Structures are given as structure tokens and as C-alpha cells.
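Heads up, the thing below is written out as C-alpha cells.
Small disclaimer: the values here were computed from a predicted structure and weren't measured. Sequence positions, counted from 1, serve as the residue numbers for this chain. In listed order, ligands and their atoms are each counted from 1.
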Amino acid sequence: MVFDLDPALFQHIALDEAGSTNDEARRLALSGAAADCLVVTAVSQTKGRGRRGRVWISPPGNLHLSLLIRIDGQLAQAAQLGFAASVAVVDALTQLVPGVDFRCKWPNDVLADGRKCAGMLLEAIDSCWLVLGLGVDVVAAPPPDGLVYPVTSLAELGFAGSADQVMRAFVAAFLPRLAEWRRVGFVALRQPWLDRARGLGAQVVVRLDNETLCGTFLGLDADGALLLDQPGQPIRPVHAGDVFFPPV
Ligand code: BTN
């Protein structure tokens, strides 16, 4: 499947190697040389990073992408774009890899048949830009040792295409979501994300920095916080943490 993207809608800088594409995007933004929706990709990263200080293993063949988005002071709302990106990744991968159940996992992961295949790292630059970093395990998943969740790659699921194909499908799915968010806000993303979510209405374990919570995943609040129903307690909005799905 080929996605024809209007080159006027986004610029693409393709690097062979980067420390982190998020850092490259930041550098371009601070130099004044970047335009809205600039896409930076690297074939491999030597210092790829994930959320919560984790390393993101970044071998050639996987997708390492950072998208620079103008947020013009909307710093508090910018994290909502992680939901737009998750929905876009699910839709792009569903078209590219038929027969696989792709789902959004709160806050910013994508699962393929229950295993993580993509993750996002959002970083703001002042209150002007958001760097949306996306890693998709196209050809190789990280080694499972030390990981607390199951992982897979698109290749393991039968995809024989390239990281570039995934990039194009993602950008084509993401840009209309970004436009909708700019027009009407999170209300445009909340239901599409919930429609693609893993574990809605089910028991989840949420690991915070200093606490582990168990309860029912009820949905998202108006800003994207996970709503957790714990027996005998008021419904708790969770703003940051790692979600696990206990075996049923
Ligand atoms: C996570 O799941 O923890 C987020 C992973 C984000 C990885 C991507 S790869 C492109 C961009 N550059 C980085 O250093 N990280 C993000």
C-alpha cells in the first residue's frame, strides 16, 4: 500500500543515524529553521529514549520518527496529541498489517495482539513546540529480558514492508487528527481513542512512581487522564503511570 502525501503538508529530514530524533527535532526548532509538521527520521539511534527514563533500542529497520508540532502556548493540552498519534498508529498499522488486532494502551503505547509494538515520547520546547517521538518495532522487538511487558515486531506478524512505508501511513493518518484537534480540541480524540483502547471496563494494575493501584479502567477524563475505579474509593484520575493487564 502506498500513501501519497502532499509534500506541501510536511517536510521530511531523513538521517542515517541520530543520537535521538527528538533531540534533532529540538535542535531544528531552536535554530529557527523548522516548520510546523517537520518530520525527522533516523535509520538508527544511538541514544534513543523512551518514557520514564527508559532506553529505546533503535536498530536499523525500525521506525524512529519525531514530528515537530507548533502548539503556540497550548502547553497544558499538548499531551493530548499522544492520543491522536496512538489512534493514527493503530489506523495506519491496521491498514498495513491485516488480521492483527492493534489497540491503544494508555497513555501512549500501541499493542499488536496484546504485545507492545510502538511507543511515543512527547517533549515540549518552551510553550511553542511539541516534539512527538514515535518508535515502531518494524523488523525487531527489543530482547525480552528485563522488560515488564510482552513485545513484538511487525515482521513477526507477517509485515514485509519498510519503516518508510509505516512513516507515510502514520503521517497520512495523523495530520487529519491534528487538524481536528486544533479545530475542536480533545473532544475530537477521546472517543476514537476509547474505541481502539485495550482493557476498557476491565481490571488493570497501574504502577505509579511510589504506588501501585488496582481497579477497573473506566475511561478517560476530559483531559486524557485514566479514570480508575477502586473498590470503596472515589474514582481516581491517573495522570502518569504504567498500565498492566492481569491475566483473566
Ligand atoms: C516509550 O514507549 O517509552 C516511548 C518510546 C519512544 C521512542 C521514540 S523513537 C523516536 C524518538 N526518539 C527517541 O529518542 N525516542 C522517540
Side-chain angles (χ1 to χ4, degrees), residues 10 12-29 34 37-69 78-79 81-90 92-93 102-112 114-125 129-144 146-154 162-164 166-171 174 193 198 206-209 224 226 239-245:
F10 78 110
H12 180 199
I13 296 182
L15 305 170
D16 284 337
E17 188 180 271
S20 158
T21 53
N22 271 27
D23 292 339
E24 293 296 332
R26 164 184 289 267
R27 198 176 52 72
L28 288 160
C37 295
L38 170 73
V39 173
V40 181
T41 55
V43 173
S44 63
Q45 297 184 119
T46 53
K47 288 186 181 152
R49 56 179 181 272
R51 286 195 307 279
R52 302 168 80 78
R54 291 186 276 247
V55 170
W56 187 260
I57 298 175
S58 308
N62 284 353
L63 176 63
H64 316 108
L65 171 156
S66 296
L67 181 56
L68 197 56
I69 302 166
L81 288 173
F83 295 91
S86 299
V87 167
V89 172
V90 166
L93 297 183
F102 289 101
R103 297 266 155 194
C104 301
K105 174 176 176 273
W106 188 90
N108 291 147
D109 287 344
V110 171
L111 305 178
R115 298 171 169 265
K116 177 163 171 170
C117 67
M120 278 145 256
L121 173 69
L122 276 63
E123 296 175 330
I125 306 172
W129 296 97
L130 178 77
V131 181
L132 193 158
L134 167 67
V136 183
D137 291 339
V138 179
V139 297
L147 290 181
V148 285
Y149 46 81
V151 290
T152 190
S153 68
L154 302 186
S162 65
D164 193 63
V166 177
M167 181 276 286
R168 289 178 172 279
F170 165 71
V171 174
F174 178 77
W193 189 92
R198 162 94 196 264
V206 187
R207 217 174 274 170
L208 314 183
D209 284 339
L226 178 147
H239 298 277
D242 283 321
V243 171
F244 298 89
F245 304 103

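Any N or O atom pair closer than 3.5 Å counts here, and His64 shares no such pair with ligand 1. Below 3.5 Å of separation, one finds an N or O of Lys116 facing an N or O of ligand 1. At least one N or O atom of Arg51, backbone or side chain, sits closer than 3.5 Å to an N or O atom of ligand 1. Residue Lys47 places no N or O, backbone or side chain, under 3.5 Å from any N or O of ligand 1. In terms of N/O distances under 3.5 Å, ligand 1 is approached by Thr21.
Atom-to-atom distance recorded for Leu15:CG and Ser44:OG is 10.0 Å, nearest 0.5 angstrom. To the nearest 0.5 angstrom, His12 atom NE2 is 7.0 Å from Leu65 atom CG.
Using modelled atom types, no side-chain atom of Trp193 and backbone atom of Trp106 make a donor-acceptor pair closer than 3.5 Å.
Listed by number with element, the atoms of ligand 1 under 4.0 Å from a non-hydrogen atom of Arg49 are 6 (C), 7 (C), 13 (C), 14 (O), 15 (N), 16 (C). The distance from ligand 1 to the heavy atoms of Gly48 drops below 4.0 Å at these ligand atoms: 14 (O). In summary, the atoms of ligand 1 found under 4.0 Å from a heavy atom of Asp109, numbered by their order in the structure, are 2 (O). Atoms of ligand 1 found under 4.0 Å from any heavy atom of Gly119, numbered from 1 in the order shown, are 2 (O), 4 (C), 5 (C), 6 (C). Counting atoms of ligand 1 from 1 in the listed order, those under 4.0 Å from a heavy atom of Gly50 are 1 (C), 3 (O), 4 (C), 5 (C).
Looking only at heavy atoms of the protein, atom 9 (S) of ligand 1 is closest to Gln45 NE2, 3.4 Å. The protein atom (non-hydrogen) at minimum distance from atom 5 (C) of ligand 1 is Trp56 CE3, 3.3 Å.
The only option from Val171, Val166, Asp164 that meets the side-chain contact (heavy atoms from CB on, under 4.5 Å) definition with Arg168 turns out to be Asp164. Under the side chain to side chain donor-acceptor pair (under 3.5 Å) rule, Arg51 has a single partner from Asp242, Asn108, Asp109, which is Asp109. Of the options Ile13, Leu67, Ile69, a side-chain contact (heavy atoms from CB on, under 4.5 Å) to Leu38 is made by Ile13 and by none of the others.
Residue contacts with ligand 1, taken as heavy atom pairs separated by less than 4.0 Å, involve Leu65 solely via the backbone atoms N, CA, C and O. With a 4.0 Å cut-off on non-hydrogen atoms, Arg54 does not touch ligand 1 at all. Looking at Leu134 against ligand 1, only its backbone comes within 4.0 Å, counting heavy atoms.
With sequence neighbours excluded, no residue forms a side-chain hydrogen bond (donor to acceptor under 3.5 Å, both in side chains) with Ser153.
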Side chains of residues 117-124: which donor-acceptor partners sit under 3.5 Å, not counting sequence neighbours?
unit_1	atom_1	unit_2	atom_2	d
Glu123	OE1	Asn22	ND2	3.1
Glu123	OE1	Arg49	NH2	2.9
Glu123	OE2	Arg49	NE	3.0
Glu123	OE2	Arg49	NH2	3.3

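Two residues are said to be in side-chain contact when any heavy atoms from C-beta on lie closer than 4.5 Å; Tyr149 and Val243 fail this criterion.
A salt bridge does not link Lys116 with Asp137: none of the charged nitrogens is closer than 4.0 Å to a carboxylate oxygen.
For Met120, the heavy-atom gap to ligand 1 drops under 4.0 angstrom.
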